[in-house]
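Proteins get letters first, then strands, A, B, ... in listed order; numbering begins at 1 in each.
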Amino acid sequence: MSSALSALQARFQDGLVAGRDDVLADIVDSPREGRETLFGVYRHAYAARLVESLSHDYERLGAYLGGERFEKLGHAYLAEHPSVFRSIRWFGDELPAFLQSHAPWSASPELFELAAIERALNDAFDAPDGSPLGLATLSEVDPADFSRLTFTFDPSARRLDLMTNARLVWLAIGEDREPPEAAAAEDGPERLLVWRAGYTSKLRAMPADEAMLYDEAANGLAFGPLCEMLATVMEPEAAPGRAATIVAGWLEAGLVVAIDVV
Amino acid sequence: MANIENLPFLGFGLGLRPQHYSDILAGGHGVDWFEIISENYMVAGGRALHNLDRVRADHPIVMHGVSMSIASTDPLDMDYLGVLKALAARIEPAWISDHLCWTGVHGINLHDLLPVPFTREALDHVVERISRVQDFLGRRIAIENASSYVSFSGSEMEEWEFVAEMTRRADCLLLVDVNNVYVAGFNHGFDPAAYLAAMPADRVVQMHLAGHEHRGTHIVDTHDDEVSGPVWDLYREAVRRFGAVSTMIERDDRIPPLSELIAELGIARRIAGEVLGTGTREAAA
Ligand SMILES: [Fe+2]
């Protein structure tokens, strides 16, 4: 739409997102105050509101960085990612990726991993409601079908692989403790699972074998092939037992919403 | 005074805020109804929707949006309206409202209620869009007057003329934010009582009260403090004009315990009772 109104709105928006002053020519001084100060109310409110919303969504990252550094990050992010969302809740979705790809933050990988944890928890918080199956569901399955069972996980569930000790940093800040010095994860990447149980978002570290099974099960691999895969990384005779224990744990945690026979 | 849609007088309400869920669900608080920020519940699932369903089971709810961007020159966001309509089907609100403002152009949402120039072009534009939204939602919507800090040199009429004409031509309802009238009146140098006098009383279905921050030369609509004395005076005038209209306090920042807001809501009850005679509910019936 090309009109006086659309041109005015474009100038006004440029005044907020690009710091341009053209719109001041459209604005009149008030009886008591100059137009620059008055337009400044919008300028200030725009940045302040969006950066504040980031500080809610990434509370522990904010505590880890400290107010001033977080504020600087927020303004840099806003400059590159103006919101395109109906809800301010999603404005910060790209913050982990931004931290990973922009100096100086990219030099400290625990920052983007800490942000990724918080984002996953936020996403789990308002993910679709699932109806988790209980452990008893397994007893209704014909044992002859076991090897052909596939599992559908709760829509809130998501996996993260962390290269740093970001989970320990996250944990310490949540408990009001001094966070540990940033470091590489011990014993290779740390496998995290984030999901919502009932109405509470949860997070736990997974052993490597469980994470492998989880990722393949999420891809649709059936229980039989999952056992075979596990047998390549452990004592083959013990693999079916270990796989059964893992699957039972998923059911007990309310992670599985469907079991199908393929 | 009845409104043209025969929408009910709900009494005295508050904005539903997550900090208060447990106190509200415990019951016995005496708040007659709640207003939700629609966008906060336009999510797939989780605790917020669950709590909303529980509050809804015992209370009327009205839906108040911040992203319709009715005055924007971007196309209407039909995805947004579709989700809004679906939420309304779930919640069955007494009514749906949004603001006389725009929130961005070129696909960007600035998440602020930005001011409209009071021109004939803007009036035509807003009227046409309200009509289309009402057709899509299958109901009249209420439009709220926003606070503003700037006036445009191109404006061709006063804000109250714009709002009254918009309401008549779009055949919509009004949510009168008494604080916003006061703030805009101070910032732009008009008489807020004259503004109220220009509003078509039979369209007013709801009133907002809120706190602001006085900065000497201008007032900022902050929703982070108690309702100020002059705004209570203006509310008294509004009740004289509009009669028994569902009224609530908006608090979005520095949110106090529920009991404090309930006490503040008591001031609104008292003023309405004094103007309308004893028993505001009876007066409305
Ligand atoms: Fe309001």
Side-chain angles (χ1 to χ4, degrees), chain A residues 1-14 16-17 23-46 48-50 52-53 82-91 123-130 155-156 196 198-201, chain B residues 37-51 65-69 71-75 77 79-80 83-84 102-112 114-117 119 121-122 124-125 148-155 186-189 215-218 220-222 253:
Chain A
M1 178 171 174
S2 164
S3 65
L5 182 60
S6 65
L8 173 63
Q9 290 179 343
R11 284 193 296 277
F12 199 103
Q13 179 162 303
D14 278 350
L16 299 185
V17 301
V23 72
L24 293 178
D26 300 288
I27 295 171
V28 295
D29 296 333
S30 87
R32 300 179 192 84
E33 189 54 91
R35 64 188 100 171
E36 281 180 46
T37 299
L38 295 168
F39 184 66
V41 175
Y42 291 102
R43 267 194 176 134
H44 173 78
Y46 168 60
R49 176 177 292 111
L50 286 157
E52 195 199 336
S53 113
S83 172
V84 294
F85 302 105
R86 65 174 181 251
S87 168
I88 202 165
R89 148 82 181 80
W90 297 306
F91 161 61
D123 286 349
F125 180 79
D126 52 20
D129 296 324
S156 71
R196 191 179 75 224
Y199 297 107
T200 306
S201 297
Chain B
I37 302 297
S38 309
E39 287 78 3
N40 292 354
Y41 298 88
M42 292 163 85
V43 292
R47 188 191 294 275
L49 272 177
H50 170 72
N51 280 334
V66 293
S67 289
M68 192 180 285
S69 202
S72 172
T73 47
D74 267 8
D77 184 343
D79 287 344
Y80 171 84
V83 181
L84 186 72
W102 58 287
T103 62
V105 287
H106 311 154
I108 288 176
N109 190 346
L110 300 161
H111 297 287
D112 199 358
L114 300 173
V116 178
T119 61
E121 180 201 3
D124 290 346
H125 181 65
S148 59
Y149 313 110
V150 301
S151 335
F152 296 104
S153 51
S155 283
F186 183 88
N187 289 344
H188 308 308
R215 297 191 184 165
T217 60
H218 58 288
V220 179
D221 177 38
T222 48
D253 218 339

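The greatest number of non-hydrogen atom pairs below 4.5 Å with chain A, out of Thr217(B), Asn187(B), Asn51(B), is found for Thr217(B). Among Arg89(A), Arg35(A), Arg196(A), Arg86(A), the residue with the largest count of heavy-atom pairs under 4.5 Å with chain B is Arg86(A). Contact count against chain A (heavy-atom pairs under 4.5 Å) is highest for Val83(B) among Asp77(B), Ile37(B), Val220(B), Val83(B). The candidate from Pro82(A), Ser30(A), Ala127(A) with the greatest count of non-hydrogen atom pairs under 4.5 Å with chain B is Ala127(A). The most heavy-atom pairs under 4.5 Å with chain B, out of Trp90(A), Phe125(A), Phe39(A), come from Phe125(A).
The CG atom of Asp129(A) lies 11.5 Å from the CZ atom of Arg47(B); values are rounded to the nearest 0.5 Å. Here OG of Ser83(A) is found 8.5 Å from CG of Leu110(B). Values are rounded to the nearest 0.5 Å.
The contact between Asp112(B) and chain A is made by backbone and side chain atoms together, counting heavy-atom distances below 4.5 Å. Both the backbone and the side chain of Val105(B) come within contact range of chain A, judged by heavy atoms closer than 4.5 Å. Only the backbone of His188(B) comes within less than 4.5 Å of a heavy atom of chain A; no side-chain atom from C-beta onward does. Neither the backbone nor the side chain of Val116(B) comes within contact range of chain A, judged by heavy atoms closer than 4.5 Å. Thr119(B) does not touch chain A: none of its heavy atoms, backbone or side chain, sits under 4.5 Å away. For Val41(A), the part lying near chain B is the side chain, with the backbone staying farther off; criterion is any non-hydrogen pair under 4.5 Å.
Taking the side chain as every heavy atom from C-beta outward, Asp74(B) and Gln9(A) never approach each other to under 4.5 Å. Contact check for Leu8(A) versus Pro117(B): side-chain heavy atoms found under the 4.5 Å cut-off. For the pair Asn109(B) and Val84(A), the minimum side-chain heavy-atom distance is 4.5 Å or more. The closest side-chain heavy-atom distance from Trp102(B) to Gln13(A) is below 4.5 Å. Arg32(A) is listed as a side-chain neighbour of Phe186(B), based on a closest heavy-atom distance under 4.5 Å. Inter-residue side-chain proximity for Val150(B) and Phe12(A) is flagged as met; some heavy-atom pair is nearer than 4.5 Å.
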>> Applying side chain to side chain contact (heavy atoms under 4.5 Å, CB included) to Ser3(A) and Glu121(B), what does each step give before you reach the verdict?
In response: CA-CA 9 Å; Ser3(A) 65; Glu121(B) 180 201 3; 2.7 Å; yes
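Counting only distance, with no hydrogens or angles, the side chain of Asp26(A) and the backbone of Phe152(B) share no donor-acceptor pair below 3.5 Å. Counting only distance, with no hydrogens or angles, the side chain of Asp126(A) and the backbone of Val43(B) share no donor-acceptor pair below 3.5 Å.
Under a cut-off of 6.0 angstrom, the local environment of NE2 in His50(B) is crowded, with over 12 non-hydrogen atoms contributed by other residues, nucleotides or ligands.
For the residue pair Ser148(B) and Tyr42(A), the shortest heavy atom distance occurs at CA-OH, 3.4 Å.
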